[in-house]
Amino acid sequence: MTESMLHLINETFDERFRIEKLIGKGGMGAVFLARHLLMDKAVALKVLPRHLSDDPNQITRFNQEAQNSSRLRHPNTIRVFDFGRSEQGHLYLAMEYLEGRELSKVLKQEAPLPAERVLRILRQVAKSLAEAHNIGLIHRDVKPDNVFLSDIYGEQDFVKVLDFGIAKVVNDEDLANLTQTGFICGTPTYLAPETAMGTSITPATDIYSAGIVAYQMLTGSAPYRADTPIAVVMKHIHDPVPKLGPSINAPEALKQLIHEMMSKDPASRPASADVLLERLDAL
């Protein structure tokens, strides 16, 4: 997919962007560093391959993604300020261009992280999720790859939550009808049990995934590991929630909160991202 899109580099895209280089790729397309010609401003341009742009269902899902993402305004969420379909036939999102590192790269190099840093990062993730949840959006793929850390004006670890691309509007039947039966959104390492079992997806689903991320930040490893993705999923469903023992240098209240976030029962997790944020602030 990505190779077939490299021809876009150094081209003018949709008469508004000059594509400079590839900076990322994923399941829905490639992300390029581009320059908005009228504003003379660097942007991150997420571009779908043409064969997906020809699928009416994909177009509907993409437009829903773009409209939902553009509603988010919190500073800890990446800003989407334009979207459309180019004259080349590609659907695209134009987003703010960020400099820094994904949390996944930080964890590979520096994990485990000090409790104070974990708290600082988790609090900003909760802020981003709270705004989204309060307007009816669920991320559904909270993971270290989608948590970006920047240093902005001397403030270290300024969080931007990325890719609400598989977020859905709560109780949006039209979008739900586009999802194939049995389709699972998310990444196995961070997948909530209810997602794996195909039951209701709620804001508590994001809280579970954020708890897994927090556990990994504190310990340096994910709580559930296995040889295959399906085996990991089964552990999310059946294995007891692991304890953060005395060897982990963190306040007991933080350990208890993360343990609650990873509860198998959504009702036993913090009731909302706002509640999660209140408890993090109390720490």
Side-chain angles (χ1 to χ4, degrees), residues 23-32 43-48 52 57-85 91-98 100 102-104 121-150 158-176 178-179 183-187 189-192 194-195 200-214 272-274 276-277:
I23 57 175
K25 56 184 178 179
M28 280 192 70
V31 181
F32 297 94
V43 300
L45 201 65
K46 181 178 181 180
V47 182
L48 271 64
L52 292 179
N57 284 347
Q58 183 64 54
I59 292 172
T60 302
R61 287 182 63 206
F62 181 85
N63 286 336
Q64 184 72 65
E65 167 195 345
Q67 291 165 8
N68 288 342
S69 298
S70 65
R71 294 166 63 194
L72 300 173
R73 293 287 184 268
H74 196 278
N76 290 126
T77 303
I78 191 169
R79 290 293 303 273
V80 173
F81 57 84
D82 198 5
F83 66 94
R85 185 173 183 176
L91 295 168
Y92 68 88
L93 283 170
M95 304 169 287
E96 63 178 316
Y97 175 66
L98 304 173
E102 294 90 351
L103 178 59
S104 54
I121 293 170
L122 184 58
R123 182 174 179 273
Q124 293 176 80
V125 171
K127 285 183 175 184
S128 173
L129 294 177
E131 183 207 21
H133 294 170
N134 284 331
I135 63 173
L137 301 180
I138 303 172
H139 192 290
R140 301 214 296 179
D141 198 20
V142 177
K143 59 184 179 182
D145 280 340
N146 283 334
V147 177
F148 197 90
L149 304 181
S150 298
F158 191 91
V159 167
K160 291 281 188 176
V161 176
L162 312 180
D163 196 8
F164 277 81
I166 57 174
K168 71 184 287 286
V169 178
V170 177
N171 297 325
D172 184 345
E173 295 180 0
D174 291 334
L175 185 60
L178 295 174
T179 305
F183 177 72
I184 293 178
C185 284
T187 303
T189 302
Y190 309 95
L191 198 70
E194 62 269 23
T195 306
S200 296
I201 305 300
T202 69
T205 303
D206 285 344
I207 291 174
Y208 180 92
S209 299
I212 300 292
V213 173
S272 67
D274 284 320
L276 172 60
L277 186 57

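Heavy-atom basis, side chains included; hydrogens, waters and symmetry copies ignored.
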Asks: State, with a plain yes or no, whether a side-chain heavy atom of L45 is found less than 4.5 Å away from one of L93.
Replies: no
Asks: Distance check, rounded to the nearest 0.5 Å: N76 atom CG versus R123 atom CZ?
Replies: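 CZ of R123 is found 9.0 Å from CG of N76.
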Asks: Do V159 and V161 have side chains that get closer than 4.5 Å, going by heavy atoms?
Replies: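 V159 reaches V161 side chain to side chain.
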Asks: Using every non-hydrogen atom in the two residues, find where A192 and Y208 come nearest and quote the distance to one decimal.
Replies: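 In this case the closest contact between A192 and Y208 is CA-CD2, 3.3 Å.
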Asks: With sequence neighbours excluded, tell me which residues meet ring pair (Phe, Tyr, Trp, His ring centres under 6.0 Å) with F148.
Replies: none
Asks: With sequence neighbours excluded, tell me which residues meet side chain to side chain donor-acceptor pair (under 3.5 Å) with S200.
Replies: none
Asks: Does T202 use its side chain to pair, donor to acceptor, with the backbone of A204 at less than 3.5 Å?
Replies: yes
Asks: The test is side chain to side chain contact (heavy atoms under 4.5 Å, CB included); show your working for L277 and K127 and say whether it passes.
Replies: CA-CA 7 Å; L277 186 57; K127 285 183 175 184; 3.8 Å; yes
Asks: If you take all heavy atoms of A126 and A273, which pair is closest and at what distance?
Replies: O-CB, 3.9 Å
Asks: State whether the side chain of D145 and the backbone N or O of S104 hold a donor-acceptor pair below 3.5 Å, judged by distance alone.
Replies: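 No, D145 side chain to S104 backbone: no donor-acceptor pair under 3.5 Å.
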Asks: Keeping the roles fixed (side chain from S209, backbone from Y190), state whether a donor-acceptor pair exists under 3.5 Å.
Replies: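 Between the backbone of Y190 and the side chain of S209 there is a qualifying donor-acceptor contact (under 3.5 Å).
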Asks: Could you go through L162 and M95, starting from their C-alpha distance and side-chain angles, then the distance that decides it, and tell me whether this counts as side chain to side chain contact (heavy atoms under 4.5 Å, CB included)?
Replies: CA-CA 10 Å; L162 312 180; M95 304 169 287; over 6 Å; no
Asks: Okay, side chain of E194, backbone of I201: is any donor-acceptor separation there less than 3.5 Å?
Replies: no
Asks: Rounded to the nearest 0.5 Å, what separates atom CG in L149 from atom CD in Q124?
Replies: 8.0 Å
Asks: Return yes if some donor-acceptor pair links the side-chain N/O of H133 with the main-chain N/O of H139 below 3.5 Å, else return no.
Replies: no
Asks: Can a donor-acceptor pair be found between the side chains of N63 and Q67 at a distance below 3.5 Å?
Replies: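 N63 vs Q67: no donor-acceptor pair found between side chains.
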Asks: Compare all side-chain heavy atoms of V213 with those of V125 and state whether any distance is below 4.5 angstrom.
Replies: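 SC-SC contact between V213 and V125 ruled out.
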Asks: Would you say F158 and P75 make side-chain contact, with heavy atoms under 4.5 Å?
Replies: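 Result yes, sub-4.5 Å side-chain heavy-atom pair found.
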Asks: Measure the spacing between CG of N134 and CG of D274 and express it to the nearest 0.5 Å.
Replies: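 One finds 4.5 Å between CG of N134 and CG of D274.
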Asks: Looking only at heavy atoms, which two atoms of L122 and A214 are closest? And how far apart?
Replies: CD2-CB, 4.0 Å
Asks: Going from CG on L129 to CG on D206, what distance comes out if it is rounded to the nearest 0.5 angstrom?
Replies: 5.0 Å
Asks: Would you give the length of the straight line joining atom CZ of R140 to atom OG1 of T205, rounded to the nearest 0.5 angstrom?
Replies: 8.5 Å
Asks: Under the salt bridge (charged side-chain N to carboxylate O under 4.0 Å, His left out) rule, collect the residues that match up with R79, sequence neighbours excluded.
Replies: none
Asks: Check the pair L72 / F164 against side chain to side chain contact (heavy atoms under 4.5 Å, CB included), numbers first and verdict last.
Replies: CA-CA 10 Å; L72 300 173; F164 277 81; 3.7 Å; yes
Asks: For S272 and I207, work out which heavy atoms get closest and say how close.
Replies: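 That closest heavy-atom pairing would be C-CD1, 3.6 Å.
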Asks: Let me confirm one number: the CG-NZ distance from L191 to K143, rounded to the nearest 0.5 Å.
Replies: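 Going from CG on L191 over to NZ on K143, the span is 11.0 Å.
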Asks: Walk me through whether V43 and F81 qualify under side chain to side chain contact (heavy atoms under 4.5 Å, CB included).
Replies: CA-CA 10 Å; V43 300; F81 57 84; 3.2 Å; yes
Asks: Are the side chains of V80 and K46 in touch, meaning some heavy atoms are under 4.5 Å apart?
Replies: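 No - every pair of side-chain heavy atoms lies 4.5 Å or more apart.
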Asks: With distance as the sole test, does D141 use its side chain to make a donor-acceptor pair with the main-chain N or O of T187 at under 3.5 Å?
Replies: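 Present.
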Asks: Can you name the closest pair of heavy atoms from R85 and L91 and give their distance?
Replies: CB-CD2, 3.8 Å
Asks: Do V47 and F32 make a side-chain contact, defined as non-hydrogen atoms from C-beta onward lying under 4.5 Å apart?
Replies: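 Yes, their side chains come closer than 4.5 Å.
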